[in-house]
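Everything on this sheet refers to the single structure shown next.
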Amino acid sequence: MTFERLRGFRDLFPEDAEPKFFMLKTADQVAASFGFQRIDMPSLETLELYRLKSGDELVSQTFSFVDKGGREVTMIPEATPSVVRMLTSRKDLPKPVKWYCYPKLWRYEEPQSGRLREHIQFNADIFGPDTPDADAEIIGLAATILDRIGLEGQFSVRINDRRLMEALLKTMGARNAISTFAVIDKFKKISREEFSSHLTESGFPEDQLTNLVFLLENPGNPAKLRETIEKVTAVDDNLGNIIGRIEETLSLARVYTSSDLVIDFSVVRGLSYYTGIVFEVFDIKGEFRSILGGGRYDNLSKLMSDQDIPAVGFGMGDVVLEMLARRQDLWKVPARPTRFSVCVASDKAREYSLDLSKKLREAGYIANMDISRRSLSAQLKNASIQGYDYALLLGDRELEKSEVTIRDLSTGQQESLSNTSLLSKLSSLKKK
RNA sequence: GCCGGGAUGGGGUAGAGGGUUAUCCUUGGGGACUGUGGAUCCCCGGACCCGGGUUCAAUUCCCGGUCCCGGCCCCA
């Protein structure tokens, strides 16, 4: 009898689990260094939580079922609704609230490159201030995490603003901004002909088509945002204010990172709840789907509760991040303490060996103790294959003299030390 | 949910236009080496994805399913 892994799920063996959790730990540390606090949430929520704002499409792609009490529940497909639920359940929290988490999320759909049925998403949000400063901090946090992981220069943060696009589409005479967004979202994936016809269907005036295409094709320099827009339409006060805010956000974000920050009018994001700045981060070579995405969603708490709390945040899945990290040769087992394998050369020395192992662990080292009762040569072979830095040999000879023989597995050199001088000696040993 | 391509020991593979110990490498365990490791040699373990059909005979051909890879839809 054999069991197979479920479709779209992963087994993480040590060689992959260690790099993965090391990356998450890096993100965790960076978020904490920004003053964000970690939270966690249930893996199961009522399905109703997603009906509110996410719509049928998302709900149809959830791992959901009816529980024994007759409730419709689902494995969470995204973090944000839970985070907002938690936030609004507490009225005592001083603003701004800056939270991060990295839950597992589930979606029931066909697996493909960069998308599986279960993934881990690093999520960070700021609740309270509706300021360019908060927007910039979220973008800065996302970029800093990627920089710290070692991806500096490998990605581009592409930024847009929903209000800007709505205002632009309005001045251009679009009838239905939301359906036009859906078409704009596909700009880079479909042919120009398809784009034109879909756009017209969405109620966008044909005579403005070239202007819109001009905008979509001329992302780029944030400093020229106003100039670019002026080429296609007049900038009134409303539009001017929005542009001013984006400019301010970008100049603040610029201080956080030297990574590529560009305006991209084709980034509108699918979710309907975004209300302001939206952004996605792409691999600079364009090999993968987006690495992370986020934006401002000021209306969600109002939809879900009696509170009105502005919010901005982002989510980063682990799957695309892993593909990019592998390409950049960053998928490595992280540095760790010196590793010792304690080899037991005689049964009489077993307890002596255990005691030494305990001391090593207490001193912060990694100590592996023979539990197979194999021959000394087999123990050494194993220590060597498993990549231990040193073998400690303990047998009758060592036991008698209260000594320990330490063998450097990379050079083969060894010496005997007294038990008491070992630990002091260790601090001077060079890590392999 | 739909479309295309795949599936041979843990990993990587060979194979035959059906035919009876299924190839090689690697990995794993043990030994030569009863107190000294990655070399060498020896021994051992381990596979034709599942179900049905055609056939005297199927790992090979056919159908269905499962899973993998990729794409659509959608993007959390």
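Residue numbers start from 1 in every chain, and the chains themselves are labelled A, B, ... in the order their sequence lines are given, proteins ahead of strands.
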Inset, instruction - Evaluate side-chain contact (heavy atoms from CB on, under 4.5 Å) for A/Asn299 paired with A/Tyr297, printing each intermediate quantity in order. - result: CA-CA 6 Å; A/Asn299 297 334; A/Tyr297 53 101; over 6 Å; no

Legend entry - Under 3.5 Å on both distances, the Watson-Crick or G-U partner of B/rU66: B/rA7

Inset, instruction - Output yes when A/Arg162 and A/Asp298 qualify as a salt bridge under the 4.0 Å nitrogen-oxygen rule, no when they do not. - result: no

Legend entry - Geometric class of the A/Phe279/A/Phe314 ring pair [parallel <30°, tilted 30-60°, perpendicular >60°]: tilted

Legend entry - Counterpart base for B/rU54, defined by Watson-Crick or G-U wobble contacts under 3.5 Å: none

Legend entry - Sugar-phosphate only, base, or nothing, as touched by A/Gly313 at under 4.0 Å among non-hydrogen atoms: nothing

Legend entry - Donor-acceptor pair (no angle test) under 3.5 Å: A/Arg5 side chain, B/rC68 base: no

Inset, instruction - Would you mind checking if A/Arg192 and A/Glu217 are paired as a salt bridge, meaning a charged N to carboxylate O distance below 4.0 Å? - result: yes

Legend entry - Exercise: identify the closest heavy-atom pair between A/Ser290 and A/Phe282: CB-CE2, 3.6 Å

Legend entry - Residue from A/Gln328, A/Arg289, A/Gln154, A/Arg327 passing side-chain hydrogen bond (donor to acceptor under 3.5 Å, both in side chains) with A/Asp283: A/Arg327

Inset, instruction - Rounded to whole angstrom, note down the C1' distance from B/rG12 over to B/rG18. - result: 27 Å

Inset, instruction - Both distances under 3.5 Å, Watson-Crick or G-U wobble: report the partner of B/rG38, or none. - result: none

Inset, instruction - Measure the distance from OH on A/Tyr50 to P on B/rA76 and round it to the nearest whole Å. - result: 14 Å

Legend entry - Pairwise P distance for B/rA76 and B/rU60, with rounding to whole Å: 45 Å

Inset, instruction - Find the distance A/Gln121:CD to B/rC75:P and express it as a whole number of Å. - result: 15 Å

Inset, instruction - Answer yes when A/Arg350 and A/Asp347 have at least one side-chain N-carboxylate O distance shorter than 4.0 Å, and no when they do not. - result: yes

Legend entry - Basic-acidic side-chain contact under 4.0 Å: A/Lys20, A/Asp16: no

Legend entry - A/Thr80 vs B/rA76: side-chain N/O to OP1/OP2 distance below 4.0 Å: no

Inset, instruction - Starting from C1' on B/rA76, measure out to CZ on A/Phe63 and report it in whole angstrom. - result: 15 Å

Please list, pair by pair, any protein nitrogen or oxygen found under 3.5 Å from a nitrogen or oxygen in nucleotides 28-37 of chain B.
unit_1, atom_1, unit_2, atom_2, d
B/rG30, OP1, A/Arg374, NE, 3.4
B/rG30, OP1, A/Arg374, NH1, 3.1
B/rG30, OP2, A/Arg374, NH1, 3.4
B/rG35, O6, A/Asp396, N, 2.9
B/rG35, O6, A/Arg397, N, 2.6
B/rG35, N1, A/Glu398, OE1, 2.8
B/rG35, N1, A/Glu398, OE2, 3.4
B/rG35, N2, A/Glu398, OE2, 2.8
B/rU36, O2, A/Arg407, NE, 3.4
B/rU36, O2, A/Arg407, NH1, 3.0
B/rU36, O2, A/Gln414, OE1, 3.1
B/rU36, N3, A/Gln414, OE1, 3.1
B/rU36, N3, A/Gln414, NE2, 3.1
B/rU36, O4, A/Gln414, NE2, 3.1
B/rG37, N7, A/Arg407, NE, 3.3
B/rG37, N7, A/Arg407, NH2, 2.7
B/rG37, O6, A/Arg407, NH2, 3.2
B/rG37, O6, A/Gly412, N, 3.2
B/rG37, N1, A/Leu409, O, 2.5
B/rG37, N2, A/Ser384, OG, 3.1
B/rG37, N2, A/Leu409, O, 2.3
B/rG37, N3, A/Ser384, OG, 3.3

Legend entry - For B/rC72, the Watson-Crick or wobble partner whose two distances fall under 3.5 Å: B/rG1

Protein and nucleotides 10-12 of chain B: nitrogen or oxygen contacts under 3.5 angstrom:
none

Inset, instruction - Determine whether the side chains of A/Thr257 and A/Asp147 contain a donor N or O and an acceptor N or O closer than 3.5 Å. - result: yes

Inset, instruction - Could you measure between the two P atoms, the one in B/rG19 and the one in B/rC49, and give it in whole Å? - result: 16 Å

Legend entry - Salt bridge flag under 4.0 Å for residues A/Arg107 and A/Glu78: no

Pairs under 3.5 angstrom, nitrogen or oxygen only, protein versus nucleotides 1-9 of chain B, please.
none

Legend entry - A/Lys186 with A/Glu194: basic N within carboxylate O range, under 4.0 Å: no

Inset, instruction - Determine the contact category for A/Lys186: base if any of its heavy atoms lies under 4.0 Å from a base atom, sugar-phosphate if only primed atoms, P, OP1 or OP2 are that close, otherwise nothing. - result: sugar-phosphate

Inset, instruction - Using whole Å, report how far CZ of A/Arg117 lies from C1' of B/rU66. - result: 12 Å

Inset, instruction - Measure from OH on A/Tyr274 to P on B/rC75 and round the result to the nearest Å. - result: 11 Å

Inset, instruction - Give a yes or no on whether a donor-acceptor pair under 3.5 Å exists between the nucleobase atoms of B/rC75, that is its base, and the side chain of A/Arg115. - result: yes

Inset, instruction - Assert yes or no for the condition that the ring centre distance of A/Phe36 to A/Phe122 is strictly below 6.0 Å. - result: no

Legend entry - Interatomic distance, A/Phe288 CZ vs B/rG71 C1' [rounded to whole Å]: 17 Å

Legend entry - Gap between atoms NZ and P, on A/Lys189 and B/rG70 respectively (whole Å): 15 Å

